[in-house]
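To start, the structure under review is shown below, and the notes come after it.
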Amino acid sequence: MKFFIDTANLDQIREANDLGVLDGVTTNPSLMAKEQIKGEASIRQHYVDICNIVKGDVSAEVISTDFEGMIKEGRELAALHKQIVVKVPCTKDGIKAVKYFTDNGIRTNCTLVFSVGQALLAAKAGATYVSPFVGRLDDISTDGVELIRQIVDVYRYYEFPTQVLAASIRHTMHIIQCLEAGADVATCPLSAIMGLLKHPLTDAGLAQFLADHKKVNG
Ligand code: G3P
């Protein structure tokens, strides 16, 4: 099971990486825009900056929506750093592009996936990762974790190597539920990762240890 952080914020990436349990980073155009990174050169440098913080895979998403544009952009992104994984939306041109990248040794993350059917096409095209959006399904009263479970079952039955990267994780319980469902990766906001640490009995227990020690040792 791998832990990715879902942000383009370098401080949050550093904080998560300093925990020593981070396996990678996912970004998307909205997360990049949130950091106010303007212009192609700055955007590409930012991806390299992220790669220089973490040791694992870093998903960088194409903006192009047509096959030719995706190919050109994806090749440029992949050339930035060996850790870059080209993120491509699950559309007709996107699936064609994933297949092209597979045939040309470029690793991909097929994103904006909301059904088993889409996940099946991504795996058939050879995607390295597939990103089902759990939170956005929950937002419309659909069980996002159940989708993770279904995709995992299909991939295991047909032995697809594509890794299920649970995305659109909104809180700590999503992490637990997606991993229980068999996801290979959960890409999470920092708050959800830090939420895994929280337990009142740990805090109370530590306080008691220290108080008992102090009673005797001052
Ligand atoms: O990586 C996809 C993720 O960033 C989407 O999350 O909360 O915008 O659905 P959210």
Side-chain angles (χ1 to χ4, degrees), residues 1-13 15-17 22-37 43 46-47 49-51 53-54 56-65 70 73-74 77 83-91 94-95 97-98 101 107-116 118-119 121-123 127-148 151-152 162-179 181 183-196:
M1 185 283 296
K2 294 177 200 161
F3 253 147
F4 288 11
I5 188 168
D6 193 36
T7 185
N9 181 283
L10 298 183
D11 290 338
Q12 289 188 19
I13 293 169
E15 184 174 348
N17 194 57
L22 192 65
D23 298 301
V25 179
T26 53
T27 70
N28 63 41
S30 300
L31 293 172
M32 291 292 284
K34 200 171 168 185
E35 300 307 312
Q36 295 289 317
I37 303 149
I43 289 171
H46 196 79
Y47 290 134
D49 293 345
I50 295 173
C51 291
I53 295 171
V54 301
D57 288 348
V58 175
S59 286
E61 189 161 343
V62 297
I63 295 294
S64 305
T65 55
M70 287 175 172
E73 212 182 326
L77 289 172
Q83 292 169 225
I84 291 289
V85 173
V86 179
K87 209 173 186 185
V88 180
C90 193
T91 61
I95 292 296
V98 168
F101 290 131
R107 294 180 303 139
T108 54
N109 178 354
C110 190
T111 190
L112 285 169
V113 167
F114 295 94
S115 72
V116 176
Q118 288 177 319
L121 291 175
T128 310
Y129 300 101
V130 68
S131 288
F133 278 31
V134 176
R136 294 193 190 184
L137 284 167
D138 286 4
D139 290 346
I140 59 165
S141 311
T142 305
D143 188 342
V145 174
E146 180 57 25
L147 175 63
I148 298 291
I151 295 170
V152 166
T162 300
Q163 296 176 61
V164 180
L165 191 161
S168 188
I169 297 281
R170 297 284 169 70
H171 48 71
T172 301
M173 263 324 286
H174 263 166
I175 300 177
I176 305 294
Q177 291 165 343
C178 288
L179 297 177
D184 299 288
V185 188
T187 192
C188 327
L190 181 62
S191 58
I193 296 174
M194 301 313 272
L196 292 168

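Treat the numbers as computed from the prediction; the structure is a model and nothing was measured. Values reported hereafter were calculated over all heavy atoms of this structure, with side chains retained and with hydrogens, waters and symmetry mates removed. Both ligands and their constituent atoms are indexed starting at 1 by order of listing.
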Problem - Atoms of ligand 1 close to Phe133 [distance to a heavy atom under 4.0 angstrom, numbered from 1] - result: 2 (C), 5 (C)

Handout entry: Location of contacts on Lys87 toward ligand 1, heavy atoms closer than 4.0 Å
Key = side chain

Practice task
Kindly indicate whether the side chain of Cys188, heavy atoms from C-beta on, has any atom under 4.5 Å from the side chain of His174.
Solution key: no

Exercise for the section: Determine yes or no for a side-chain-to-main-chain donor-acceptor pair under 3.5 angstrom, with Gln163 supplying the side chain and Tyr129 the backbone. Expected result: no

Exercise for the section: Walk me through it: do Ile50 and Ile53 pass the test side chain to side chain contact (heavy atoms under 4.5 Å, CB included)? Expected result: CA-CA 5 Å; Ile50 295 173; Ile53 295 171; 5.5 Å; no

Practice task
Enumerate the atoms of ligand 1 whose separation from the nearest heavy atom of Asn28 is less than 4.0 angstrom.
Solution key: 1 (O), 2 (C), 3 (C), 4 (O)

Handout entry: Short side-chain to backbone donor-acceptor contact, Gln118 and Val130, under 3.5 Å
Key = no

Practice task
For Asp6, counting its heavy atoms only, list the atoms of ligand 1 lying under 4.0 Å from any of them.
Solution key: 1 (O), 2 (C), 3 (C), 4 (O)

Fill in the blank from the handout: When distances are taken from atom 7 (O) of ligand 1, the protein heavy atom at minimum range is Arg170 NE, 2.8 Å

Handout entry: Identity and separation of the nearest protein heavy atom to atom 6 (O) of ligand 1
Key = Ser168 CA, 3.5 Å

Handout entry: N or O contact, Thr187 vs ligand 1, cut-off under 3.5 Å
Key = no

Problem - For Leu31, atoms of ligand 1 separated by under 4.0 Å from a heavy atom - result: 4 (O)

Fill in the blank from the handout: For Arg136, the atoms of ligand 1 under 4.0 Å from one of its heavy atoms are 5 (C), 8 (O), 9 (O), 10 (P)

Exercise for the section: Indicate yes or no for a side-chain donor-acceptor contact from Ser64 to the backbone of Val62 under 3.5 Å, with no hydrogens or angles considered. Expected result: no

Practice task
Indicate yes or no: at least one non-hydrogen side-chain atom of Arg136 is less than 4.5 angstrom from one of Leu112.
Solution key: yes

Practice task
Indicate yes or no: does Asp139 engage Arg170 in a salt bridge with an N to O separation below 4.0 Å.
Solution key: yes

